[in-house]
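Any value given below was found using the heavy atoms of this structure, including those in side chains, with hydrogens, waters and symmetry copies removed. Labels below follow one simple rule: chain letters A, B, ... track the order of the sequence lines, proteins then strands, and each chain is numbered from 1.
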Amino acid sequence: MSGDHGQGDCQVNSGSKGNDTQKHKDKEQRHKDHKKDKEREKLKHSNSEHKDHSEKKHRDKEKLKQNDGSSEKHREKHKEKDVDRRREAKIKSSHGDKPKKEKENGYARDPSPAAIKSEPEEDDGFYPSPQRHKATKRDHDDKEFEYKPKKVKTEHDKKAKKRKHEYEEDEVCFDVKPKKKTKVGGKKSLKEEEKWKWWEEERSTDGSKWRFLEHKGPVFAPLYETLPGKVKFYYDGKPMKLSAPAEEVATFFAKMLDHEYTTKDIFRKNFYKNWKKEMTSEEKSKITDLNKCDFSEMSEHFKAQSEARKQMSKGEKQKIKEENERILQEYGFCIMDNHKERIGNFRIEPPGLFRGRGDHPKMGMLKRRIRPQDIIINCSKDSKHPKPPQGSKWKEVRHDNKVTWLASWTENIQGSIKYIMLNPSSRIKGEKDWQKYETARRLKKCVDRIRTQYREDWKSKEMRIRQRAVALYFIDKLALRAGNEKEEGETADTVGCCSLRVEHIKLYPKLDDQEYVVEFDFLGKDSIRYYNKIPVEKRVFKNLQLFLENKQPEDDLFDRLNTAILNKHLQELMDGLTAKVFRTYNASITLQQQLKELSCSDDSIPAKILSYNRANRAVAILCNHQRAPAKTFEKSMQNLQTKIDEKQSQLSAARKQLKAAKADHKASRDDKSKRAVEAKRKAVQRIEEQLMKLQLQATDREENKQIALGTSKLNYLDPRISVAWCKKWDVPIEKIYNKTQREKFAWAIDMAENDYEF
DNA sequence: CTTATCACTTAGAATCTGATAT
DNA sequence: ATATCAGATTCTAAGTGATAAG
């Protein structure tokens with residue numbers, strides 16, 4: 001990496017050629033509170049300015065002034081956009097059609113210069129990440145699944161022959177067997193039980209997702225049943241009978257009463273506003289203050305109800321179970337291309353109060369009841385169409401085989417579309433999953449090249465390139481998510497890599513005994529906090545300092561970057577590469593490495609499983625998969641501790657006895673007392689072992705307190721790695737994957753041999 | 001372009017279930 | 001038999017990213 005591009009003074013890149021303008025305009029609106037002058041001031045950079053480290057002084061020398069009315073800038077997004085547009089239009093007309101020029105103006109307001117003077121070379125150690133290896137030679141498996149939507153064959157010799165077109169068969173294979181495993185009629189079940197190995201067949205090449213699809217439509221939420229008369233709602237201390245719609249919404253609130261949500265201001269405000277809409281006009285005029293509403297009787301009623309449900313007799317419970325099973329059998333499956341497949345979510349989401357994660361501006365809003373006329377059905381033209389419930393109609397029935405969903409509706413909180421889709425064990429999900437890991441494996445082959453490239457790009461003279469390169473480094477090294485932009489005010493304020501703001505990182509040239517430490521502290525997906533202090537290479541550190549210059553805390557760190565730009569770049573580096581592939585790749589490769597490191601052939605099975613879990617945990621930590629400690633966590637820890645204490649006193653008692661026995665033996669020297677000593681000794685040993693085990697369990701549980709293994713296991717770890725590991729170390733697959741997981745990963749379990757290499 | 005829409009994956013919490021302890 | 005608990009399952013929110021629309 002010679003890196004000498006433009007050493008010295010390459011300035012201006014024609015950064016102008018680029019799209020450098022785009023992003024910051026949106027981003028600017030975040031500084032809602034700054035004074036205009038401040039804002040102005042910081043916007044004063046021209047793209048042609050050269051920055052060097054010492055540069056701050058140059059800051060003002062730019063020739064470009066803000067040419068539009070930017071001083072009037074409002075903080076509102078739309079307005080902002082308008083201003084920008086106006087400005088651009090103006091520019092355009094004044095400069096003619098040179099795109100370059102017009103961009104140039106964009107820069108004027110940019111917090112960061114487009115061009116950067118390159119820094120002196122100096123540092124640069126080698127890339128430290130352990131992940132960076134040469135790709136291995138052994139990749140024959142890769143061919144098995146090409147990325148291209150082209151037809152892919154898996155010419156894995158042994159399997160290839162088996163592959164043929166099942167499509168021609170007329171008969172449906174029931175590859176999912178009915179619950180009762182002893183479905184008596186032996187003849188038919190044989191065939192039924194045979195699991196369909198879709199992974200041995202060819203995939204379609206034309207972008208269609210299926211050729212035949214038949215299902216019975218979704219199951220709707222049960223209608224609302226009004227409360228028994230004795231369960232009262234009180235307003236201002238007086239009982240008040242509510243109309244059914246108002247009552248229903250009230251029950252939603254009542255059911256959440258002991259959740260802390262209901263104490264939050266926003267929640268209450270949203271709820272109250274939405275509740276009012278359901279009230280009759282009399283109710284509206286009477287109920288004017290949520291604080292005067294007493295839902296406690298309703299709440300008690302539901303608690304009693306669920307208690308009663310628990311107390312039901314066996315027979316009653318059995319009956320309910322059977323009914324559920326019947327519904328599952330009827331609605332829980334569809335027929336897709338000759339195979340009966342399980343549907344993932346065949347029940348429509350019931351109405352209720354919206355619970356966002358984190359600090360969500362819409363928490364407490366009413367999620368409305370979905371009716372047949374809200375539902376779009378998707379199925380084959382030549383299938384038996386699902387029929388809407390008595391007296392109702394579907395919104396639409398369409399036959400789009402370019403998508404995988406069976407039904408959809410638009411949800412009223414965010415206006416997004418919800419879908420009914422197949423279970424992860426289905427062919428359609430499995431193929432995609434498999435493909436995902438194949439893409440990650442292709443990344444493995446070229447990740448060195450990509451890393452070399454982005455390191456080189458840290459020295460680029462173009463700001464946008466540097467930002468892109470540093471962001472990619474974070475995504476690669478820290479497994480950060482891409483970070484799409486979100487609409488402000490619609491969702492909780494969370495970020496990913498590209499949407500990081502200045503306030504989310506802190507730079508420490510020295511911290512304790514480390515140099516160039518970056519501290520990350522932000523809320524990511526689901527408002528899970530990401531907190532990490534990590535030493536980075538000097539060049540990265542310097543770049544970050546540069547990116548931070550002249551910015552406010554609420555400004556974007558990467559003001560010239562967004563996920564579209566990043567992904568477009570990645571696409572050029574490798575077919576099918578996007579930011580999320582790095583997460584998959586790094587997760588899987590980490591598991592593989594950790595397993596290699598931790599597994600030991602003389603370990604017992606439980607010890608091996610512990611190693612597996614530890615490897616899994618390493619990945620979960622990398623991906624920041626956290627969970628709230630269960631409310632019962634402390635208690636269950638305590639229980640365990642009690643057990644440990646008991647064991648401990650048992651142990652000392654046993655030891656005492658041993659001592660006594662020894663003394664006894666010393667005195668009597670007879671055989672009997674000798675045997676007694678031996679027995680006691682054994683007892684002590686046994687108890688010691690038990691104690692050890694308990695203590696191990698305790699540490700394990702403690703370690704796992706806030707770490708969730710499931711997400712990575714289900715979504716990031718190539719299952720073939722785990723399958724191969726099980727085969728290699730003779731660990732039954734059931735120890736690693738439960739039934740559902742085995743169904744989802746059936747393809748991997750079937751195809752991976754013990755020498756599988758990710 | 002730039003934004004909006006759509007489809008689909010990924011996510012933690014809530015709820016259910018069934019095994020085990022009492 | 002009942003209570004307890006942990007793991008399994010369900011639920012649905014919240015991401016990613018491609019592409020259509022303006």
Residues which pass ring-ring contact (aromatic ring centres under 6.0 Å, His included) with A/F253, listed by chain and number, not counting sequence neighbours: A/F271, A/F295
Derivation and outcome, ring-ring contact (aromatic ring centres under 6.0 Å, His included), residues A/Y737 and A/F745: CA-CA 9 Å; A/Y737 291 139; A/F745 297 132; 5.0 Å; yes
Sugar-phosphate only, base, or nothing, as touched by A/I528 at under 4.0 Å among non-hydrogen atoms: sugar-phosphate
Upstream residue (5' side of DNA chain C) when A/N567 and A/S636 are each assigned their closest nucleotide: A/S636
No-hydrogen, no-angle side-chain donor-acceptor test under 3.5 Å, A/Q435 and A/E431: no
Atom-pair distance (CG on A/L714; P on B/dT10), nearest Å: 10 Å
A/I565 CD1 - B/dC1 P separation (whole Å): 9 Å
Separation of atom CG in A/N562 from atom P in C/dA18, rounded to whole Å: 12 Å
Pair listing, salt bridge (Lys or Arg N to Asp or Glu O under 4.0 Å) test, anchored in residues 416-425 of chain A, at least two apart: A/E349-A/K418
Between P of B/dT3 and CD of A/E490, the distance in whole Å: 15 Å
Proximal nucleotide (of B/dC8, B/dT10, C/dA18) relative to the A/T578 side chain: C/dA18
Spacing between A/I417 atom CD1 and B/dA7 atom P, to the nearest angstrom: 5 Å
Donor-acceptor contacts under 3.5 Å from residues 352-360 of chain A side chains, at least two apart:
from	atom 1	to	atom 2	distance (Å)
A/R357	NH1	A/D526	OD1	3.3
A/H360	NE2	A/Q414	NE2	3.4
A/H360	NE2	A/E490	O	3.2

Between B/dG12 (P) and A/R529 (CZ): distance, integer Å: 16 Å
Sugar-phosphate, base or nothing in reach of A/G483, heavy atoms under 4.0 Å: sugar-phosphate
Between B/dC8 (C1') and A/D400 (CG): distance, integer Å: 14 Å
Sugar-phosphate only, base, or nothing, as touched by A/A579 at under 4.0 Å among non-hydrogen atoms: sugar-phosphate
Distance below 4.0 Å between A/Y419 side-chain N/O and B/dT9 OP1 or OP2: no
Nearest-neighbour nucleotide for the A/Q571 side chain, C/dA18, B/dC6, C/dT16 considered: C/dA18
Any A/N484 side-chain nitrogen or oxygen under 4.0 Å from OP1 or OP2 of C/dT16: yes
Sugar-phosphate or base contact per nucleotide [nucleotides 7-14 of chain C; S, B, -; heavy atom under 4.0 Å]: -SS--SSB
Touch class at under 4.0 angstrom, heavy-atom based, for A/K209 against every strand present: sugar-phosphate
Distance below 4.0 Å between A/H259 side-chain N/O and B/dA13 OP1 or OP2: no
Listed partners of A/N484 passing side chain to side chain contact (heavy atoms under 4.5 Å, CB included), at least two apart: A/T563
Minimum-distance nucleotide (side-chain atoms of A/A628 versus B/dA13, C/dT16, B/dA7): B/dA13
With sequence neighbours excluded, residues passing ring-ring contact (aromatic ring centres under 6.0 Å, His included) with A/W210: none
A/K568, NZ: over 12 other non-hydrogen atoms inside 6.0 angstrom: no
Sugar-phosphate, base or nothing in reach of A/R309, heavy atoms under 4.0 Å: nothing
Proximal nucleotide (of C/dG17, B/dG12, B/dA11) relative to the A/A482 side chain: C/dG17
side-chain N/O A/T404 vs B/dC8 OP1/OP2, d < 4.0 Å: yes
Distance flag, aromatic centroids of A/F522 and A/Y530, threshold under 6.0 Å: yes
Is there any protein nitrogen or oxygen under 3.5 Å from a nitrogen or oxygen in nucleotides 19-22 of chain B, and what are the pairs?
none

Separation of atom CG in A/L406 from atom P in B/dC8, rounded to whole Å: 11 Å
Most 5' of A/K321 and A/I428 on DNA chain B, judged by nearest nucleotide: A/I428
Nearest-nucleotide comparison on DNA chain B, the residue closer to the 5′ end among A/Q626 and A/K568: A/K568
Under-4.0 Å side-chain N/O to phosphate OP1/OP2 contact, A/K429 with B/dT9: yes
Under the ring-ring contact (aromatic ring centres under 6.0 Å, His included) test, residues paired with A/H625 that sit two or more places apart: A/Y716
Qualifying residues under ring-ring contact (aromatic ring centres under 6.0 Å, His included), relative to A/F252, sequence neighbours excluded: none
Phosphate OP1/OP2 of C/dA6 contacted by A/R701 side-chain N/O (<4.0 Å): yes
